[in-house]
Amino acid sequence: MKKIPRNIAKIDADIRTAGKAFLGMRLSDMLKRVNELDNQSKRADLIYEYYTNQQGTYDREIEGTSTRVNAAIRIIKADKVLYALESIVSSNSRVLPKAVSNAKDTIKKISTGEIELPMLY
């Protein structure tokens, strides 16, 4: 996966675009399936899967889920996954508690090596 440089302001915008609930609920899964993110067909299947099985978010159209996934991919490619997860954990009470719990769990799994961050070049 190719690294793309993004400043913190753009990462913060990506977090808002994807939504903290979406990121908290899906970022762990996306990291486990990172090989699917660069393949257009597999990414489309992933977007459809997330759209048909929405958790913590509601998108009326599949394009909304596609926008969320693409914002999450930008965060991953910018090597700012931990930054995004920490922003979810430190969020106010308006963020879905399950998303916050998942974000904490994902941070723990990354620190123990259970989930690996992608190698970016």
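Throughout, residue positions are numbered sequentially from 1 according to the sequence presented.
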**Request:** Examine distances only and state if a side-chain atom of Gln54 and a backbone atom of Tyr51 form a donor-acceptor pair shorter than 3.5 Å.
**Result:**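 Yes, Gln54 side chain to Tyr51 backbone: donor-acceptor pair under 3.5 Å.
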**Asked** Sub-3.5 Å donor-acceptor pair from the side chain of Ser101 to the main-chain atoms of Pro97, do we have one?
**Response**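 Checking the backbone N and O of Pro97 against the side chain of Ser101, no donor-acceptor pair under 3.5 Å is found.
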Close side-chain approach of [X] to [Y], heavy-atom, < 4.5 Å:
{"X": "Met1", "Y": "Met119", "value": "no"}
{"X": "Leu96", "Y": "Phe22", "value": "no"}
{"X": "Ile73", "Y": "Arg43", "value": "yes"}
{"X": "Leu117", "Y": "Ile76", "value": "no"}
{"X": "Leu85", "Y": "Ile110", "value": "yes"}
{"X": "Met30", "Y": "Leu23", "value": "no"}
{"X": "Tyr50", "Y": "Thr57", "value": "no"}

What are the two closest non-hydrogen atoms of [X] and [Y], and how far apart are they?
{"X": "Arg60", "Y": "Tyr58", "answer": "CG-CE2, 3.4 Å"}
{"X": "Val89", "Y": "Ala103", "answer": "CG2-CB, 3.9 Å"}
{"X": "Lys3", "Y": "Ala78", "answer": "CE-O, 4.1 Å"}
{"X": "Lys20", "Y": "Ser87", "answer": "NZ-O, 3.4 Å"}
{"X": "Asn102", "Y": "Gly24", "answer": "CB-O, 3.0 Å"}
{"X": "Ile88", "Y": "Ala99", "answer": "CG2-O, 4.0 Å"}

Can you tell me if [X] has over 12 outside heavy atoms packed within less than 6.0 Å of its [atom1]?
{"X": "Tyr48", "atom1": "OH", "answer": "no"}
{"X": "Lys77", "atom1": "NZ", "answer": "yes"}
{"X": "Glu116", "atom1": "CD", "answer": "no"}

With rounding to the nearest 0.5 Å, note down the distance linking [atom1] in [X] to [atom2] in [Y].
{"X": "Ile107", "Y": "Leu82", "atom1": "CD1", "atom2": "CG", "result": "6.5 Å"}
{"X": "Lys10", "Y": "Thr17", "atom1": "NZ", "atom2": "OG1", "result": "12.5 Å"}
{"X": "Asn70", "Y": "Asp14", "atom1": "CG", "atom2": "CG", "result": "10.0 Å"}
{"X": "Glu49", "Y": "Thr65", "atom1": "CD", "atom2": "OG1", "result": "11.5 Å"}
{"X": "Ser28", "Y": "Arg33", "atom1": "OG", "atom2": "CZ", "result": "11.0 Å"}
{"X": "Arg6", "Y": "Asp12", "atom1": "CZ", "atom2": "CG", "result": "11.0 Å"}

**Item:** Intermediate values then yes/no, side chain to side chain contact (heavy atoms under 4.5 Å, CB included), Ile62 and Thr52
**Value:** CA-CA 9 Å; Ile62 196 166; Thr52 57; over 6 Å; no
**Message:** Determine whether Glu36 and Asp45 satisfy the following criterion, side chain to side chain contact (heavy atoms under 4.5 Å, CB included), listing intermediate values before the conclusion.
**Reply:** CA-CA 9 Å; Glu36 298 176 36; Asp45 291 342; 6.0 Å; no
**Message:** Tell me every residue that passes salt bridge (Lys or Arg N to Asp or Glu O under 4.0 Å) with Asp59, counting only those two or more places apart in sequence or in another chain.
**Reply:** Arg68
**Prompt:** Under a single-linkage definition using a 4.5 Å side-chain heavy-atom cutoff for Ile, Leu, Val, Met, Phe, Trp and Tyr, are Leu46 and Met25 assigned to the same hydrophobic cluster?
**Reply:**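 The answer is no; the residues belong to distinct hydrophobic clusters.
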**Message:** Apply side chain to side chain contact (heavy atoms under 4.5 Å, CB included) to residues Ile4 and Leu120 and explain how you reach the verdict.
**Reply:** CA-CA 9 Å; Ile4 57 169; Leu120 303 171; over 6 Å; no
